[in-house]
Amino acid sequence: MTLAQGRPYLAIPGPSVMPDRVLAAMHRAAPNIYEGKLPEMVETLWPDLRRVAGTTQNVALYIANGHGVWEAANMNLFSRGDRALVLATGRFGLSWAESVRALGVEVEVLDFGKSSPVDFARVEAALREDRGHRFKAVLTTHVDTASTVRTDIPALRAVMDAVGHPALLAVDCIASLACDEFRMDEWGVDVMVAASQKGLMVPPGIGFVWFSEKARDRCRASDLRTPYWDWTPRADAGEFWQYWNGTAPTHHLFGLRESLTMILEEEGLPSVWHRHDVLARAVWAAFDCWQAGNPEIGLNVADPAHRGRSVTAARFGAPHATRLRDWTEHKAGVTLGIGLGMAPAGDPAYHGFLRVAHMGHVNAHMTLGALAVMEAGMVALGIPFGAGGLAAAAQVVGKAAG
Ligand SMILES: *Cc1c(COP(=O)(O)O)cnc(C)c1O
């Protein structure tokens, strides 16, 4: 017997739930790319893309996913033989490091493990040791989507400033933009990358690189750049095709217009951040209760201050995470995220981890519903858990929503 009929809910950290309005905006005949509605509409995107990132500076768009914009950032930032300092708080920092290294850049990785935040003393030591200032940039994730560790970007900037190291600061906000508070200019970030399919609620296909004037100046001579990946013509396009170095991602752009209107004009960015914060705290409250009755259950990041607000990584004890994911998907219509980077696929331990996304187009009933479905699954599968999780989550939502 299954209770999965009805609208399915993909609660994985990207692609995220797409609003019907975004999909409807994309549902149209192929537009003229030379004049008319599309080029006119695209001019309205630039100020909104700056606003959503908290910057007045440059933005370049690519037809790419997150891996693509890592490379876009890398190729503009670095020359062959440059050095990069990469901070890894899970899986995604390590992947960004691999992508830079593959270009012939010398990479030093500070790996903080699978559940700990950045240790700023280690960052400070690494920067001080680099007396010749050979690190061209420090690369970090804002939220690592595997561990769900959130990095305190203003604190990182403060360390770089205190040391007096001139490296540029580049931040991957793919899992956090329009979910977790982020202010590019105020926080002194030089380069920020994001992709359409997470907090921005658009299908995968557009990647974004925001860059400061300082980054533009410092990177003029970067010799890894090829015409396709060069951010300059994309940011300064004189002709429409130059924004994309070819054909525009026509339909995605109409979807993006709709999502930016929803985020910036209708809900407002501070409310978007607040909604994600409340839903995240509801999830954590449920886990705290569940864990009280089963120590195998637990959140990956101990201190709430270091947790991302868009996705929560957890353990259930192998093989219960995989059993629970199967149950919620096939019996109740909620697809939870796999545990990423915690144990290799094929290792029995792999089946002890999962992630609950609360990213983008999600509201209280979706998150509370996902938690209730998880409890139902634990009942069905005989996974022990402490009582009161749903009530605790409801308290968080009820108190926050007033
Ligand atoms: C999803 C994600 C990526 C990779 O994006 P793809 O679109 O899958 O290539 C990179 N970094 C972070 C933090 C992410 O969440």
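Atoms within each ligand, like the ligands themselves, are counted from 1 in listed order.
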Note down each nitrogen or oxygen pair, ligand 1 side and protein side, whose separation is under 3.5 Å; give only atom names and the distance to 0.1 Å.
from: ligand 1; atom 1: 7 (O); to: G66; atom 2: N; distance (Å): 2.7
from: ligand 1; atom 1: 7 (O); to: Q197; atom 2: NE2; distance (Å): 2.7
from: ligand 1; atom 1: 9 (O); to: N65; atom 2: OD1; distance (Å): 3.4
from: ligand 1; atom 1: 9 (O); to: G66; atom 2: N; distance (Å): 3.1
from: ligand 1; atom 1: 9 (O); to: H67; atom 2: N; distance (Å): 2.8
from: ligand 1; atom 1: 9 (O); to: H67; atom 2: ND1; distance (Å): 2.5
from: ligand 1; atom 1: 11 (N); to: D172; atom 2: OD2; distance (Å): 2.7
from: ligand 1; atom 1: 15 (O); to: T145; atom 2: OG1; distance (Å): 2.3
from: ligand 1; atom 1: 15 (O); to: K198; atom 2: NZ; distance (Å): 2.7

NZ/NE/NH1/NH2 to OD/OE distance under 4.0 Å, R91 and D144
no
Residues R51 and D48 bridged, charged N to O under 4.0 Å
yes
Output yes when a side-chain donor or acceptor of N76 lies under 3.5 Å from a complementary backbone atom of A72, and no otherwise.
yes
The salt bridge (charged side-chain N to carboxylate O under 4.0 Å, His left out) partners of R134 (sequence neighbours excluded) come to E106
Could you tell me whether R218 and D190 have a side-chain N and a carboxylate O separated by less than 4.0 Å?
no
Tell me whether the rings of W210 and F208 are parallel (<30°), tilted (30 to 60°) or perpendicular (>60°).
parallel
